[in-house]
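I have placed the structure first, in the form of structure tokens, so that the comments after it can refer back to it.
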Amino acid sequence: MPELPEVETVKAGLNRLLPGKVIIAEHHDWPRGFPNAEADVIEFMIGAQIMQIERRGKSLVINLNTGYSLFVHLKMTGQLVYIQSDDVRWGAGHPDDSLISALPNKSTRVTITFKDKSKLFFNDQRKFGWMKLLPAPMLEEESFIKKLGPEPLDPMFTHKIFTQRVRKRAGTSIKAAILDQTVLAGVGNIYADESLWAARIHPARRVRDVDDNELKQLHQEIVGILRFAIEKGGSTDKNYVDAEGRKGSYLEFAKVFRREGQECKRCGRIIEKSRVAGRGTHTCSHCQQFVDGADK
DNA sequence: CACTTGACCTGTCCGC
DNA sequence: TGCGGACAGGTCAAGT
């Protein structure tokens, strides 16, 4: 569920909290959550100082002063939560209005302890997320990063670049095309549905049946919605929290996502839920007409 | 090669 | 109340 706005929010929080911290210990109990955590690798993070944290698509890069970086993907239910040593949520079980009451909890996969006794917890209920410790040159060689498309919020990402890249997926649905991380990096199910509603494009339409003006509009909506979602701290559907355990509020402003059965804010018709590109998909059947191409 | 589907997981919800 | 199954959706591998 963490998509670009959520990961960007986590990144900003970590950048306020972590730089300068010195790692003194690492603990993990889910091997696939930290697949290269052998002792001779971990030694490159023990004693290391945290530098800047970066984001690429939906993944995070926590740079260390040893030349190594922690490469993290939160996938669907991953969280990176930082807790001061005197925080009541740390093991005390004091419920509050955040989603995090006590840490570590049963979803905690990795715990990183700093010299000042504060901790960073990597929690992941569904165990799809992972982190890897890699030297900078290997990070650039990671096929996952190499294949990622452009960053939507980069000023260089114009509607012309967007159109050119989306058109390479002519035979697939427009929703599948914008979810493809090699076309552009960072859009997931929530913002795909929201952008397509805003641009009045039915998600199941083939790319070849969507005209250039529509793609230009879609590009504008994607960029605008991602920026707005970052302002709102991202979307919390079930699990997502930022680096301090706080929920995001974008879904209060969502027009279609998880709003099936409600009235469309533009035309008043009922929002429907269907399945497109293998994902739950929310549309207004009036605002987003499904038009099949005249060919075939 | 282009594209779709299933696997990876756990927690929740729904019908019986 | 319990149980089976569907569903949630990011990414990769396997299948068509």
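Predicted, not measured: the structure shown is a model, and the values here were computed from it. Every chain is numbered from 1, with letters handed out A, B, ... down the list of sequences.
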**Message:** Using the salt bridge (charged side-chain N to carboxylate O under 4.0 Å, His left out) criterion, which residues pair with A:Asp124? Sequence neighbours excluded.
**Reply:** none

Rounded to the Å, how far apart are [X] [atom1] and [N] [atom2]?
X        : N      : atom1 : atom2 : value
A:Asp29  : B:dT10 : CG    : P     : 12 Å
A:Asn239 : B:dT10 : CG    : P     : 14 Å
A:Lys106 : B:dT10 : NZ    : C1'   : 9 Å
A:Leu74  : B:dC8  : CG    : C1'   : 17 Å
A:Trp130 : C:dG10 : CH2   : P     : 15 Å

**Request:** Indicate, with yes or no, if the rings of A:His28 and A:Phe122 have centres closer together than 6.0 Å.
**Result:**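 No, the ring of A:His28 stays outside the 6.0 Å limit from the ring of A:Phe122, centre to centre.
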
**Message:** For the OG1 atom of A:Thr66 and the CD atom of A:Gln49, what is their distance to the nearest 0.5 Å?
**Reply:** 10.5 Å

**Prompt:** Pairs counted as Watson-Crick or G-U wobble with both distances under 3.5 Å: what dot-bracket string results for DNA chain C, using | for bases tied to another strand?
**Reply:** .|||||||.|||||||

**Any residue of residues 252-262 of chain A with a heavy atom less than 4.0 Å from an atom of DNA chain C** =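 Residues of residues 252-262 of chain A under 4.0 Å from DNA chain C: A:Phe257, A:Arg258.
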
**Asked** Would you call A:Arg109 and A:Asp29 a salt bridge, using N to O less than 4.0 angstrom?
**Response** no

**Message:** Treating primed atoms plus P, OP1 and OP2 as sugar-phosphate and everything else as base, which nucleotides of nucleotides 11-16 of chain C get B, S or - for protein heavy atoms under 4.0 Å?
**Reply:** BS----

**Request:** Any chance you could list the contact pattern along nucleotides 2-7 of chain B? Use B for base contacts, S for sugar-phosphate-only contacts and - for none, protein heavy atoms under 4.0 Å, 5' to 3'.
**Result:** -SS---

**With sequence neighbours excluded, residues passing side-chain contact (heavy atoms from CB on, under 4.5 Å) with A:His73** =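 Testing A:His73 for side-chain contact (heavy atoms from CB on, under 4.5 Å), a comparison that skips the adjacent residues, returns A:Lys58, A:Ser59, A:Lys75, A:Trp130, A:Phe144.
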
**Asked** So, A:Phe128 and B:dC8: ring centres less than 5.5 Å apart, planes less than 30° off, yes or no?
**Response**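 It does: the ring sits over the base of B:dC8.
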
**Message:** Working note: A:Lys255 + A:Arg266, criterion side chain to side chain contact (heavy atoms under 4.5 Å, CB included); need CA distance, chi angles, decisive distance, verdict.
**Reply:** CA-CA 9 Å; A:Lys255 303 298 199 300; A:Arg266 210 159 37 203; over 6 Å; no

**Message:** Any side-chain N or O of A:Arg109 below 4.0 angstrom from OP1/OP2 of B:dC9?
**Reply:** no

**Request:** Validate the cation-pi geometry between A:Lys132 and A:Phe34: distance from NZ or CZ to the six-membered ring centre under 6.0 Å, angle to the ring axis within 45°.
**Result:** no

